[in-house]
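Accompanying notes for the structure given below.
Side chains included, hydrogens not; waters and symmetry mates left out as well; all remaining heavy atoms used. None of the values given here were measured: they were computed from a predicted structure.
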Amino acid sequence: MARIVLLAASLATGVLAAPQAATSVSSSSAFTLSSSISGSSASGTSSGTPTSASTAVPSPTGSPNATLPSQAPYPPKQAWCPSNIFCAGALLQTVNIAQLYPDSKTFVDKPTTKSADQVATDFFLMNNNSQGLPVTYEWITNFVQSDFKGEGLELMPTTIANDSSPAALSSSAIPDTLAHAWAGVVNGYWGSLIRETNKNLLCPNSPAGCESSLIPLNHTFVVPGGRFREQYYWDSFWIMEGLLTSELYDVANSTLQNFMDELDRFGFIPNGGRIYYLNRSQPPVFIHMLSRYVEATKDTSILTRALPLAEKELTWWSTNRTISITSPYTNKTHRVSHYSVNNTAPRPESYLEDYETVNGSLGGGDNPGYTDQQKQDLYAELASGAETGWDYSSRWTKDPLATTGNTTNQEPLLRGLNVRATVPVDLNSILYGAHLRLADLYSSSSSSHSSRAASNSSSSSSSSASSHRASADALKTAILDLMWDPSKLAFYDFNSATNARSGLFSAAAFYPMWNGIWPTDVLGDENKVKAMFASVGVVLAKYNGTFPATFVTSGAQWDAPNTWPPHQYIVMEALNNVPKNVSTQAYPALSSNTTSWSLVPSNQLGLGESQLPVQTLAAGGNAQGDVNWNNGTWTSGGAVNGTEKWNEALLRGMANRYSTGGSIPGLLNQLSPQELNATHSDPTSTGHMYEKFNLLDVDAAGSGGEYTVQAGFGWTNGAVLWVAANHGKLLQQPNCPAIDVTQQQRKRWWSWTGKREEAEFVGKRLRFNGCCIDMETSDYAHSRDLVKGEPDADRGSRLENSTQLETSPPP
């Protein structure tokens, strides 16, 4: 049986698994709390009625009668965080010390069952009980069970009217039958992720009511998925791209309205829709979203409200996140932005993780012995790292290469964070683009006014547009001065502590080109422009997956081998934006004399070739050279167009780095029971969409970080639909090997020639055209043979192949 689902830009595929039924725990204790946990939380799609969802069950790490570990002193109360329950303090720290949940975010997303005063009283009585006993794991478990409801209860799914056949996803736009079908499947995912605030279950704004960390929103919104059960800021840019492709213009408008409500209320857009995010934002893409919405819908009426609030957004960044830097290269002083959060306590949603980074693990033995000031500084760095959206990466450290290869212990990297002293090239490029887009929006607003108001409006809009273009020009000058390295032909972050550019290359290097910033010294030299994108060719030729956040392997989730949907979009948009006069040549034919690595300018990546992440072989050992280059192009890189230019070839290769799996009713069948068993796949699941992926294995979900890889997933869906709509003609069905149902280790008895072929098994012979594997299942096992490597928590143990490079085309 042949089966495939196509996923452009190497974004792994599948359909969301059904939520688990709500569960509960009961126990008895010397300290008894009166009421039991109740309620349900929203998940799935409905007509607006809350449905049951998974409620995490407390699972303390200690035995019931054991007392909690000793604690470090409580951190200072944070003025920006208004809750005594969900913000830093005795209650939050004690619950986290008990480690009731694998994810710290679970607790702070639970509304209380009682008033805040009553919860505080219950907590006080537990700590000051009549027996004078220390708090046990059982007591703290009963307290949480009694005084808190299910996480996410205040949000509910809602029905949307989704056009099943938007014009951008037509069969003429996506000729490949299966690619077209897959785009239709993803187009239908929005119903699983669209939410509204459940006003019937909101905590009353009174002392007698319950308390919640939720920031209620007035309009419909899309959640990323998994633990990210509320609206998030920069995720929404790629969600917006998908909504516009799906012609869900009302939901796109509502998304913008929610952000405008927050700008009205808070003066900035918080990281996400919880009160514990009120001290930080995220990459400022609101104006980019607004611009895309107006471009797609021609709805300029939104600008009446949006333009003043867009000004407020930029004013907040200018006032709170902008500093002056005097260039060591030109001696000119520039105003540039950085991430810098005012915070002196653990982040509530990652409380235990931050607590142990600063104070040492609960088990002891690694306490760094920080002073109070050092603790507060590190808490500020951790929160600032979260504001970047890249939490965390070696990119933000004092010495980016110091933790290379140390993938099991993240504390050295986190304790070496240098976020506030970093002037990020992507942040400043985004702000440059925001000023230009806002200038254009003023022009659109002016042209849409009625004639009687046109004169005054035109004059005011023209003045505002000119002001923003001037601001953009100033930022462009700063970026080219501080962050462009003409010898390495790449953009880098600037380090204000060392007064020099960082030597670490990252996906952020492509943000200037996405926003239209091109150094004048390359615009007349096509070879230099090609060299700016040489790293993309390295990824396509040497690796099985797609473009990583960095090429440093540190174990942090925004380092190799993880790859992220937003970065695939950014790289492809940068390739789209290459000026025509420097995109006249074909991509060079690779050979033993001309390798992908030989095209990279000296020291551009800050690493030697031998220091790059290692692509392993299925049969053992490591891949050497450009193992994915075959017959004049990249394996699994789409069909070569004889007239395509070098940037078009790279874009084609990026678009065709996809994974396979899942099923489409009536077109692609699920695997047989034997094949599902051989691949450890869940027969009740049709697969998942993941938030991050893998440079070394196009089938693998990403790993690392503070939480397990999340399914959903909003920005993945949006990026997929954008690729399908804009580059659908480049997409091709891949050819995949068969599954050996007779081998415990799923060893592969086939060879790859780049053509459809027969697959032979030991003890069984099958003929396959197309793909033949099942999607990643709920336990993150994979249906194809996996890259050799260390086990990770996100997908079970990796299994070894027997006879073939893992860099052969993905099934």
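In summary, the aromatic rings of Trp564 and Trp558 are positioned with their centroids under 6.0 Å apart.
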Are Phe547 and Phe551 close enough, and set up right, to give a ring pair (Phe, Tyr, Trp, His ring centres under 6.0 Å), and what steps lead you there? CA-CA 9 Å; Phe547 206 89; Phe551 287 90; 5.7 Å; yes
Passes side chain to side chain donor-acceptor pair (under 3.5 Å), Glu353 versus Ser104? Steps please. CA-CA 8 Å; Glu353 293 81 358; Ser104 296; 2.9 Å; yes
Decide yes or no on salt bridge (Lys or Arg N to Asp or Glu O under 4.0 Å) for Arg195 and Glu230, but give the supporting numbers first. CA-CA 8 Å; Arg195 300 285 185 271; Glu230 48 281 315; over 6 Å; no
Given Ser337 and Thr322, is the side chain to side chain donor-acceptor pair (under 3.5 Å) satisfied, shown in steps? CA-CA 4 Å; Ser337 295; Thr322 300; 3.0 Å; yes
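Applying the ring-ring contact (aromatic ring centres under 6.0 Å, His included) rule to Tyr492 yields no partners; only residues at least two apart in sequence or on another chain are considered. Under the rule for a ring-ring contact (aromatic ring centres under 6.0 Å, His included), the partners of Tyr277 that lie at least two apart in sequence or sit in another chain are Tyr232. Considering only residues two or more places apart in sequence or on other chains, Arg437 meets the salt bridge (Lys or Arg N to Asp or Glu O under 4.0 Å) condition with none of them. Looking at residues two or more places apart in sequence or on another chain, you find a salt bridge (Lys or Arg N to Asp or Glu O under 4.0 Å) between Arg469 and Asp440. With sequence neighbours excluded, the residues satisfying side-chain contact (heavy atoms from CB on, under 4.5 Å) with Pro519 are Leu480, Trp484, Phe491, Asp521, Val522, Met532. Glu573 is linked by a side-chain contact (heavy atoms from CB on, under 4.5 Å) to Trp514, Tyr569, Asn576, Trp722, counting only residues two or more places apart in sequence or in another chain. Residues satisfying the side-chain contact (heavy atoms from CB on, under 4.5 Å) test with Asp299, not counting sequence neighbours, are Asn253, Tyr293, Thr297, Ser301, Ile302. Under the ring-ring contact (aromatic ring centres under 6.0 Å, His included) criterion, Tyr276 pairs with no residue at all, not counting sequence neighbours. For Glu262, the salt bridge (Lys or Arg N to Asp or Glu O under 4.0 Å) criterion is met by no residue, not counting sequence neighbours. For the salt bridge (Lys or Arg N to Asp or Glu O under 4.0 Å) test, residues two or more places apart in sequence or in another chain that qualify with Asp426 are Arg395. By the side-chain contact (heavy atoms from CB on, under 4.5 Å) test, Ser471 pairs with His435, sequence neighbours left out.
Here CG of Asn187 is found 8.0 Å from OG of Ser165. Values are rounded to the nearest 0.5 Å. For the atom pair CE of Met156 and CD of Glu196, the computed distance is 5.0 Å after rounding to the nearest 0.5 Å. Put simply, CG on Leu244 and OH on Tyr249 are 7.0 Å apart, with the number rounded to the nearest 0.5 Å. Between atom CG of residue Leu243 and atom CE of residue Met289 there is a gap of 11.0 Å, rounded to the nearest 0.5 Å. Between the CE atom in Met260 and the CG atom in Leu263 there is a gap of 8.5 Å [rounded to 0.5 Å].
A donor-acceptor contact closer than 3.5 angstrom links the side chains of Asp559 and Ser554. When only modelled atom types and interatomic distance are considered, Thr106 and Glu151 share no side-chain donor-acceptor pair under 3.5 Å. Looking at Trp190 and Ser246, their side chains do bring a donor and an acceptor atom within 3.5 Å of each other. Side-chain atoms of Glu387 and His338 form no donor-acceptor pair, as typed in the model, at a separation below 3.5 Å.
Lys729 contributes no side-chain N or O that, together with a main-chain N or O of Ile174, makes up a donor-acceptor pair within less than 3.5 Å. Put simply, the side chain of Asp235 never gets that close to the backbone of Gln231: no donor and acceptor are under 3.5 Å apart. Counting only distance, with no hydrogens or angles, the side chain of Gln557 and the backbone of Tyr392 share no donor-acceptor pair below 3.5 Å. Judged by distance alone, the side chain of Thr716 and the main-chain N or O of Tyr690 form a donor-acceptor pair under 3.5 Å. The backbone N or O of Ser502 lies less than 3.5 Å from no partner atom in the side chain of Asn495, so there is not a single donor-acceptor pair. With hydrogens and angles ignored, the 3.5 Å screen pairs a side-chain donor or acceptor of Ser384 with a backbone N or O of Val341. Between the Asn577 side chain and the Met513 main chain, a donor and an acceptor come within less than 3.5 Å of each other. No donor-acceptor pair under 3.5 Å is formed between the side chain of His219 and the backbone N or O of Thr255. Side chain of Thr550 to backbone of Ser506: no donor-acceptor contact under 3.5 angstrom is found. The closest donor-acceptor contact from the side chain of Ser291 to the backbone of Ile287 lies at 3.5 Å or more, if one exists at all.
Counting only heavy atoms from C-beta outward, the side chains of Leu414 and Leu382 approach each other to under 4.5 Å. For the pair Asn562/Pro548, no side-chain contact is recorded, criterion being any heavy-atom separation below 4.5 Å from C-beta on. Residues Phe259 and Ser236 form a side-chain contact, since some pair of their non-hydrogen atoms from C-beta on lies under 4.5 Å apart. Contact of the Thr388 side chain with the Tyr339 side chain is registered, since non-hydrogen atoms from C-beta on lie closer than 4.5 Å. A 4.5 Å side-chain heavy-atom check between Val578 and Val529 finds at least one atom pair inside the cut-off. For the pair Ser444/Leu303, a side-chain contact is recorded, criterion being any heavy-atom separation below 4.5 Å from C-beta on. Residues Trp316 and Arg321 have side chains in contact (heavy-atom distance under 4.5 Å, counting atoms from C-beta outward). Between Ser429 and Ile479, some side-chain heavy-atom pair lies under the 4.5 Å cut-off.
Comment: Asp493 does not engage Arg501 in a salt bridge, judged by the lack of any side-chain N to carboxylate O separation of less than 4.0 angstrom. For the pair Arg274 and Glu349, the salt-bridge criterion is not met [side-chain N within less than 4.0 Å of a carboxylate O].
In terms of heavy-atom proximity, Val723 sits nearest to Leu731 at CG1-CD2, 4.4 Å. For Gly191 against Ile160, the heavy-atom pair with the smallest separation is N-CD1, 4.1 Å. Closest heavy-atom contact between Leu169 and Ala724: CD2-CB, 4.0 Å. Contact record, Leu441 with Leu307: CB-CD2, 4.0 Å, taken as the closest heavy-atom pair. Annotation for Ala725 and Thr245: closest pair CB-CG2, 3.6 Å, computed over non-hydrogen atoms.
For the pairing with Trp234, the ring-ring contact (aromatic ring centres under 6.0 Å, His included) check across Trp715, Phe286, Phe228 returns one residue only, Trp715.
Other residues, nucleotides and ligands place more than 12 heavy atoms under 6.0 Å from the CG atom of Asp473.
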Can you give me every donor-acceptor pair (side chain of residues 264-273, partner residue at least two apart or in another chain, under 3.5 Å) with its distance?
from	atom 1	to	atom 2	distance (Å)
Asp264	OD2	Arg305	NH2	3.1
Asn271	OD1	Arg280	NE	2.8
Asn271	OD1	Arg280	NH2	3.3

